[in-house]
Amino acid sequence: MKHILTIVGARPQFIKAAAISHAIRDLHSHELAEDILHTGQHYDDAMSGRFFTELDIPMPRYNLGVGSGPHGRQTALMLSGIEEILLNNRYDGVLVYGDTNSTLAGALAAAKQHIPVYHIEAGLRSFNRDMPEEINRIVTDHTSTLLFAPTQTAMQNLRNEGFDNKHAIFSGDVMLDNVRYYISRLQPAVNKPPFILATIHRDFNTDSPQRLEAILNALGDLVERFDTDILFPVHPRTRQKIDSMGYAPRTTRIRTVAPLSYLETLDAMRQSWLVLTDSGGLQKEAYFCGRGCVILRPETEWVEIVNAGAAILADADGDRILEAAARLKHTSPSSPTQFGDGKAADTILRHILQ
Ligand code: UD1
């Protein structure tokens with residue numbers, strides 16, 4: 001029996017970890033046992049707790065309760081907490097997901113103790129080192145033992161950085177596993193006019209008043225131009241910023257709500273005609289659900305979605321956002337074969353066990 005420690009901390013990681021936990025439970029429970037460590041990076045029920053219940057993820061064995069803070073301090077607290085747990089227990093490997101500070105801390109703590117690190121969603125690059133996530137990805141990849149790439153582009157990035165096929169493995173994307181699994185479990189959709197689903201949470205959008213204002217103005221313009229409603233679930237970081245600038249939506253057709261759960265997000269996606277976001281996860285979920293996506297960033301790691309014509313980079317530029325929406329209105333993208341076969345979690349576990 002092998003024992004692995006799964007390290008999570010931020011919302012997108014709970015979602016990815018669900019796919020792996022289910023595959024362990026359903027396919028490998030006789031040979032693999034998992035403990036979950038939650039760093040506490042996200043702590044509000046809306047950002048953390050309810051994902052465990054809704055997605056049926058085992059409750060964390062450890063919770064470091066680190067909370068929010070500047071990058072260095074937040075990462076340092078995690079590193080020290082994870083190290084102590086790894087020193088006092090025997091794990092055969094550590095699983096980390098994506099590119100948050102929790103990912104970085106988990107990979108570093110384990111690598112320093114010569115414990116194999118398995119990185120899920122490896123090889124993504126925006127080639128923009130101003131993003132904290134880009135630093136986290138690079139360092140995590142270069143301290144990992146097995147690197148599970150969700151796409152061939154990610155594989156190529158890893159090859160370019162010197163990884164061979166023994167270490168870098170194309171697994172497909174666990175988020176496709178999830179969308180396929182959960183979409184069939186949603187209640188039938190309520191019949192109402194399709195709307196735009198919009199989210200903003202990246203620091204370069206929320207922490208720049210100019211960019212944030214341009215995006216918020218574009219929301220008002222989209223309502224007028226396309227005679228549409230907009231559902232705008234607001235991340236806590238964004239909530240602080242828009243409250244402090246006194247933002248009130250131009251029209252009641254822009255509905256600002258608390259962050260949605262995973263199933264609520266899929267449901268909203270299904271009822272939308274367009275997605276507007278700076279989130280990486282939502283870009284993919286939009287593609288998997290056949291919705292066009294306006295990306296509120298100058299670049300993306302998920303280039304295959306842009307190349308497929310299913311998403312358009314519009315940065316924080318009002319005109320480009322409107323133009324992208326007009327172009328995407330009549331496309332209905334699908335066939336996400338570049339993201340694997342929907343069985344990425346099992347592929348990953350088989351490689352780890354080997
Ligand atoms: C983090 C990840 C980002 C990921 C995002 C998903 C890093 C560097 N960034 O960004 O890659 O896309 O998670 O959401 O790890 N806050 C709350 N309640 C919470 C959590 C956060 O109010 O439960 C507020 C705090 O004011 C905090 C701010 O949100 O300072 C930012 O939280 P933080 O975890 O530092 O980064 P995210 O922006 O969520």
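Residues: numbered from 1 along the sequence shown. Counting starts at 1 for both ligands and their atoms, following the listed order.
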_For the CZ atom on R25, are there more than 12 heavy atoms of other groups (residues, nucleotides or ligands in this structure) within a distance under 6.0 Å?_
yes

_H30 atom NE2: more than 12 heavy-atom contacts under 6.0 Å_ = yes

Angle class for the [X]/[Y] ring planes (parallel below 30°, perpendicular above 60°, tilted otherwise)?
X    : Y    : answer
F14  : F52  : tilted
Y62  : Y91  : perpendicular
F148 : Y118 : tilted
W273 : F226 : tilted

*Pick from R237, Q74, H42: the one approaching atom 39 (O) of ligand 1 most closely through a non-hydrogen atom*: H42

*Pick whichever of Q41, R202, R239, R11 has a heavy atom sitting closest to atom 1 (C) of ligand 1.*
Q41

*Does H201, backbone or side chain, put an N or O under 3.5 Å from an N or O of ligand 1?*
yes

*Can you find an N or O of H71 that's nearer than 3.5 Å to an N or O of ligand 1?*
no

_W302 ring center near Y287 ring center (under 6.0 Å)_ = no

Please could you name the atoms of ligand 1 that [X] approaches to less than 4.0 Å, counting only its heavy atoms?
X    : value
P12  : 6 (C)
P236 : 16 (N), 17 (C), 18 (N), 22 (O), 24 (C)
E133 : 3 (C), 9 (N), 11 (O)

Nearest protein heavy atom with distance in Å, relative to [atom]:
atom                    : value
atom 25 (C) of ligand 1 : S68 OG, 3.3 Å
atom 18 (N) of ligand 1 : D44 OD2, 2.8 Å
atom 16 (N) of ligand 1 : Y43 OH, 3.6 Å
atom 26 (O) of ligand 1 : Q240 NE2, 2.8 Å
atom 2 (C) of ligand 1  : T100 CG2, 3.8 Å

*Mark the output for H235 as yes if a heavy-atom distance to ligand 1 is under 4.0 Å, and as no if none is.*
yes

*Does S48 have a heavy atom less than 4.0 Å from any atom of ligand 1?*
no

*From OH (Y262) to CG (D267), nearest 0.5 Å*: 12.0 Å

*Rounded to the nearest 0.5 Å, how far apart are CD1 of I24 and OG1 of T6?*
5.5 Å

